[in-house]
Amino acid sequence: MENKIINLGIFGFGVVGQGLYEVLNRTKGINARIKKICIKDPNKSRPIDSSYFTTDKNEILEDPTIDVVVELINDTEAAFDIVSTALRNGKAVVSASKRMIAENLPALYELQSANKVPFLYEASSCASIPIIRNLEEYYDNDLLNAVEGICNGSTNYILTKIFEENLSFETALQQAQDLGFAETDPTLDIEGYDPKFKLVILLLHAFGTFVKPEEVYNFGIHHLNDFDIQFAKQRNCTVKLIAQCRRQNGSVFAYVLPHLVKEHNLLYDVYNEYNGILLESAFTDKQFFVGKGAGGTATGSAVLSDISALLYNYRYEYKKIKQNNQPNFTNDVKLKVYLRYKTPDQVDLAEFFNISEKYESPEWRYVVGTINLQKLKDAGWLKKKDVNLLVLE
């Protein structure tokens, strides 16, 4: 596509779609223009001329003059249909739909290969941080040991307001929603599903390992209460929702869990809607990336970066898959955790390898100890609203 003006067909004109429109019109030197935008509700008021819009997806998918399909909707099934149809029609595709991608990675990988067209999705993982391209182009699979960090700007904003401004969880969540950092239904964010979908994508580009989202254990910040917050502050810690994948003994494990984070940790000072990602490799030790993880222009800038890359015929090479030494996925890993609960019947402490600290009061109880991740996943304790967990460093 080099040296030509590319025509874009966009699906969705919500926060990210409008963010893309804004950054595209403010950026000089990118030879791309929006030809058509497919939306669901034709009667909704929008800030640009109505001639851009259509409700017929085929006006984009079947238009031979449209070079790139940009998929920015929140309907997972419809998004997969759009992306797969576009790829089969020989169109390059850019997407920000982390759930759709995570749930369909093997199929999407095959579609790219079979139809020899690029599919880019940097915006699906860490918004403004170019993490996928760094994993693809810079880090060799044999050298990379771990990817971990904060990859959900909504929960990080909430946690910042709780720990830095002493706001209640409910007030902080409402602020995040008012600013467009969290959805009206915040379940995917605060329960850790959103960062899990991102982690599944990062696992493929970091280690070449396909993992189904349901295999990765996620638990969010929705059970955090004043007792937990006080526990963290007494230890000069804050709480961060961390997604992690790490190579260990020839396998790779992954999870999304809230962590107690000490001041020496680089993630401690990642505030508000920002994301922070640590990469750990054999020769370079740790490298740290930080950038905005929520908001229309932050995510729109990542989408625009992918569009720009297409102008230079860029595509993911999936080098880690082709090296044929992908580690197997496992949940067989020990974690040191703080487990807070209300009554003894809510948890089975016999599942712990060891317990180093124990506390009981009329209102709350907690233990600090070591437990296997698979046992924690199978136990189902954290489905009870009076039980919470924090991973300790």
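- Taking Ile, Leu, Val, Met, Phe, Trp and Tyr as hydrophobic and joining them when side-chain heavy atoms fall under 4.5 Å apart, one finds Phe181 in a cluster with Tyr157, Leu179.
- Between Phe227 and Trp364, the ring-plane angle classifies as tilted under the 30° and 60° cut-offs.
- The list of salt bridge (charged side-chain N to carboxylate O under 4.0 Å, His left out) pairs with a residue in residues 110-130, not counting sequence neighbours, is empty.
- Judged as a salt bridge (charged side-chain N to carboxylate O under 4.0 Å, His left out), the pairs with a partner in residues 214-240 (not counting sequence neighbours) are, in order, Asp228-Arg340, Arg235-Glu357.
- For the side chain to side chain contact (heavy atoms under 4.5 Å, CB included) with Leu8, the qualifying choice from Val94, Ile37, Val68 is Val68, the only one to do so.
- Every residue two or more places apart in sequence or in another chain was checked for a ring-ring contact (aromatic ring centres under 6.0 Å, His included) with Phe11, and none qualifies.
- Closest non-hydrogen pair, Ile229 versus Ile162, comes out as CD1-CG2, 3.5 Å.
- Figure legend: Arg26 and Tyr21 shown without cation-pi pairing, the cationic atom not lying both under 6.0 angstrom from the six-membered ring centre and within 45 degrees of its axis.
- For Tyr138, the side chain to side chain donor-acceptor pair (under 3.5 Å) test picks out no residue, with sequence neighbours left out.
- Crowding of Lys342 atom NZ: a count of heavy atoms from other residues, nucleotides or ligands under 6.0 Å exceeding 12.
- When ring centroids are compared, Phe169 and His222 stay outside the 6.0 Å threshold.
- Taking the six-membered ring for Trp and the full ring otherwise, the centers of Phe253 and Phe329 sit at least 6.0 Å from each other.
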Side-chain donor-acceptor pairs of residues 69-78 under 3.5 Å, sequence neighbours excluded:
residue: Glu71; atom: OE1; partner: Ser95; partner atom: OG; Å: 2.5
residue: Glu71; atom: OE1; partner: Ser97; partner atom: OG; Å: 2.7
residue: Glu71; atom: OE2; partner: Ile73; partner atom: N; Å: 2.9
residue: Glu71; atom: OE2; partner: Ser97; partner atom: OG; Å: 2.7
residue: Asp75; atom: OD1; partner: Glu77; partner atom: N; Å: 3.3
residue: Asp75; atom: OD1; partner: Ala78; partner atom: N; Å: 3.1

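- Residue pairs meeting the ring-ring contact (aromatic ring centres under 6.0 Å, His included) criterion with at least one partner in residues 32-82, sequence neighbours excluded, are Phe13-Phe53.
- Looking at residues two or more places apart in sequence or on another chain, you find no ring-ring contact (aromatic ring centres under 6.0 Å, His included) involving Phe353.
- Not a single ring-ring contact (aromatic ring centres under 6.0 Å, His included) links Phe352 to another residue, sequence neighbours left out.
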Name the atoms and distances for all side-chain donor-acceptor pairs under 3.5 Å in residues 193-203, with sequence neighbours left out.
residue: Asp194; atom: OD1; partner: Lys98; partner atom: NZ; Å: 3.4
residue: Asp194; atom: OD2; partner: Asn152; partner atom: ND2; Å: 2.8
residue: Asp194; atom: OD2; partner: Lys198; partner atom: NZ; Å: 2.9
residue: Lys196; atom: NZ; partner: Pro213; partner atom: O; Å: 3.1
residue: Lys196; atom: NZ; partner: Val216; partner atom: O; Å: 3.4
residue: Lys196; atom: NZ; partner: Asn218; partner atom: OD1; Å: 2.8
residue: Lys198; atom: NZ; partner: Cys151; partner atom: O; Å: 2.7

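- Aromatic pair Tyr366/Tyr341: ring centres not closer than 6.0 Å.
- Between Phe219 and Tyr217, the ring centre distance reaches or exceeds 6.0 Å.
- Closest non-hydrogen pair, Arg365 versus Thr343, comes out as NE-CA, 4.4 Å.
- With sequence neighbours excluded, the residues forming a salt bridge (charged side-chain N to carboxylate O under 4.0 Å, His left out) with Lys35 are Asp63, listed by chain and number.
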Tell me which donor-acceptor pairs under 3.5 Å the side chains of residues 263-270 have, and how far apart each pair is, sequence neighbours excluded?
residue: Asn265; atom: OD1; partner: Leu267; partner atom: N; Å: 2.8
residue: Asn265; atom: ND2; partner: Glu393; partner atom: OE2; Å: 2.4
residue: Asp269; atom: OD1; partner: Tyr271; partner atom: OH; Å: 2.9

